[in-house]
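Below, chain A is the first sequence line, B the second, and so on; all start at residue 1.
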Number of protein chains: 2
Amino acid sequence: MSDGRSTSAYSGENLLFLTDEQLRQGIEAMFFAYRGFTADPDRILANMAYGRAHHRAIHFIHRAPGTTVNNLLNILGVTKQSLNRVLRTLVAQGLVISKVGKVDKRERHLFLTDEGSRLEQTLSDAQRARMRSAFRDAGPAAVAGFRTVLEAMMDTEMQRAYTRLKETGA
Amino acid sequence: MSDGRSTSAYSGENLLFLTDEQLRQGIEAMFFAYRGFTADPDRILANMAYGRAHHRAIHFIHRAPGTTVNNLLNILGVTKQSLNRVLRTLVAQGLVISKVGKVDKRERHLFLTDEGSRLEQTLSDAQRARMRSAFRDAGPAAVAGFRTVLEAMMDTEMQRAYTRLKETGA
DNA sequence: CAGTATATGTCAGTGTTGTTGACATTCCAA
DNA sequence: TTGGAATGTCAACAACACTGACATATACTG
């Protein structure tokens with residue numbers, strides 16, 4: 001049920017792209033590409049006291065300024081304790097400020113400071129540069145396919161979160 | 001230099017797919033999709049004493065039976081101490097055996113035991129199922145684009161490793 | 001053969017990121 | 001006013017990565 005081409009290969013149409021061999025290549029491509037994807041920001045952050053978790057928090061705070069902790073929690077998919085550790089250091093270092101909500105004072109709204117924005121800029125410039133180069137090499141048709149497959153690969157809740165973000169930005 | 005559509009949008013041709021907004025969507029898609037990508041094996045492994053690192057080792061040993069430790073080290077991109085911790089437990093639990101090399105006795109060649117193969121099967125079945133469903137939903141053209149972009153996103157050494165593996169399997 | 005290089009394994013320490021569990025505070029809403 | 005939601009904090013722990021140092025066996029080279 002998983003060696004060779006058991007999955008497909010008959011059925012008249014061209015379903016060769018569903019061969020187990022093709023699927024495995026897709027899996028390995030995903031593994032190697034994700035390493036490249038995170039390599040540049042990781043390199044930058046290695047010299048500071050921050051890591052990938054800080055990058056993610058900064059990215060989504062930049063993306064949706066004023067977002068609440070709970071909101072961020074759902075997007076990032078980690079526990080509040082885990083996120084809180086990260087946020088605490090970012091606030092302590094003056095990269096993020098957390099303001100008590102006006103309508104609901106239990107909520108904390110998160111914003112980047114100028115220094116936080118500068119770091120965000122540096123990190124996303126590096127990541128965008130790689131993405132841009134990959135997109136340019138691959139061409140628009142490949143990029144469209146890339147995004148179609150990625151969206152199909154997400155969990156449904158993540159797909160919703162992603163779509164919401166996408167619409168927010170356009 | 002990074003807000004709006006500074007990157008492209010003129011130049012006559014359709015370079016809209018290189019807009020900063022598009023790049024950011026690509027970045028976020030990668031982030032969410034990778035979570036889906038690892039979710040199923042992670043869930044399975046959570047109930048055992050193993051984690052993602054064990055999965056990776058098992059995958060590539062299955063992929064290239066008899067591979068050496070050094071080889072695996074380069075593919076996985078971790079330190080030997082890190083890999084060794086994982087291999088030690090896998091060997092101790094009887095999922096992997098390590099044989100002294102015949103031509104070079106310094107080398108250890110790694111193989112999955114029957115039990116190791118069973119676990120590999122379980123894990124990759126789960127991962128392949130998701131990949132298959134994503135591929136089927138997206139269609140062959142999108143899949144081709146997906147792989148093109150991923151390859152362009154890898155570091156050059158990883159691209160080489162990936163290509164080598166790809167050719168080994170076909 | 002002597003010396004150097006390679007492949008592997010191991011010990012000890014450290015850092016980041018994730019997890020549970022427990023508990024306090026604040027505040028909205030029924 | 002009471003219950004529950006949102007947030008924060010403390011403590012303990014585990015997985016997985018890192019560095020540095022050292023040991024052993026083997027292979028290669030002059």
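Scanning for side-chain contact (heavy atoms from CB on, under 4.5 Å) contacts around B/S98 gives B/R108, B/L110, with sequence neighbours left out. Qualifying side chain to side chain donor-acceptor pair (under 3.5 Å) partners for A/R160, counting only residues two or more places apart in sequence or in other chains: none. Every residue meeting the side-chain contact (heavy atoms from CB on, under 4.5 Å) condition with A/R130, not counting sequence neighbours, appears here in chain and number order: A/A39, A/D40, A/R43, B/M153, B/D155. Remark: B/Q127 engages A/I27, B/F37, B/P41, B/H55 in a side-chain contact (heavy atoms from CB on, under 4.5 Å) (not counting sequence neighbours). Under the salt bridge (Lys or Arg N to Asp or Glu O under 4.0 Å) criterion, A/E28 pairs with A/R24, B/R63, not counting sequence neighbours. Under the rule for a side-chain contact (heavy atoms from CB on, under 4.5 Å), the partners of A/A152 that lie at least two apart in sequence or sit in another chain are B/A134, B/D137.
Contacts classified as ring-ring contact (aromatic ring centres under 6.0 Å, His included) and involving residues 75-106 of chain A (residues at least two apart or in different chains) are not found. Listed by first and then second residue, the ring-ring contact (aromatic ring centres under 6.0 Å, His included) pairs that reach into residues 99-135 of chain A are A/F135-A/F146, sequence neighbours excluded.
Regarding B/L83, its CG atom lies at a distance of 10 Å from the P atom of C/dT8, rounded to whole Å. If you take CG of A/L87 and P of D/dT7, they are 11 Å apart, rounded to a whole angstrom. Taking atom CG on B/L110 and atom C1' on C/dA7, their separation rounds to 12 Å, with Å as the unit. Note: CG (B/N84) to P (D/dC16) measures 14 Å, nearest angstrom. Nucleotide D/dG4 holds its P atom 20 Å from the CD atom of A/E107, rounded to whole Å.
Ring orientation note: the planes of B/Y162 and A/F32 are nearly perpendicular, at an angle over 60° on the 30°/60° scale.
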* Asked: Where along nucleotides 23-30 of chain D does protein come under 4.0 Å, by heavy atom, of base (B) or sugar-phosphate alone (S), with - for untouched nucleotides?
  -> --BBS---

* Could you encode protein contacts along nucleotides 11-16 of chain C as a string, one character per nucleotide from 5' to 3', using B for base contact, S for sugar-phosphate-only contact and - for no contact, with a heavy-atom cut-off of under 4.0 Å? => B----S

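A heavy-atom distance below 4.0 Å to DNA chain D is reached by these residues of residues 64-79 of chain B, ordered by number: B/G77, B/V78, B/T79.
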Side-chain donor-acceptor pairs of residues 72-94 of chain A under 3.5 Å, sequence neighbours excluded:
from  : atom 1 : to    : atom 2 : distance (Å)
A/N74 : ND2    : A/N70 : O      : 3.3
A/T79 : OG1    : A/S82 : N      : 3.3
A/T89 : OG1    : A/H54 : NE2    : 3.3
A/T89 : OG1    : A/V86 : O      : 2.9

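Closest approach of A/L112 and A/S117 over heavy atoms only: CB-OG, 3.7 Å.
Position along DNA chain C of the nearest nucleotide to A/R56 versus B/H109 favours B/H109 as the more 5'-ward residue.
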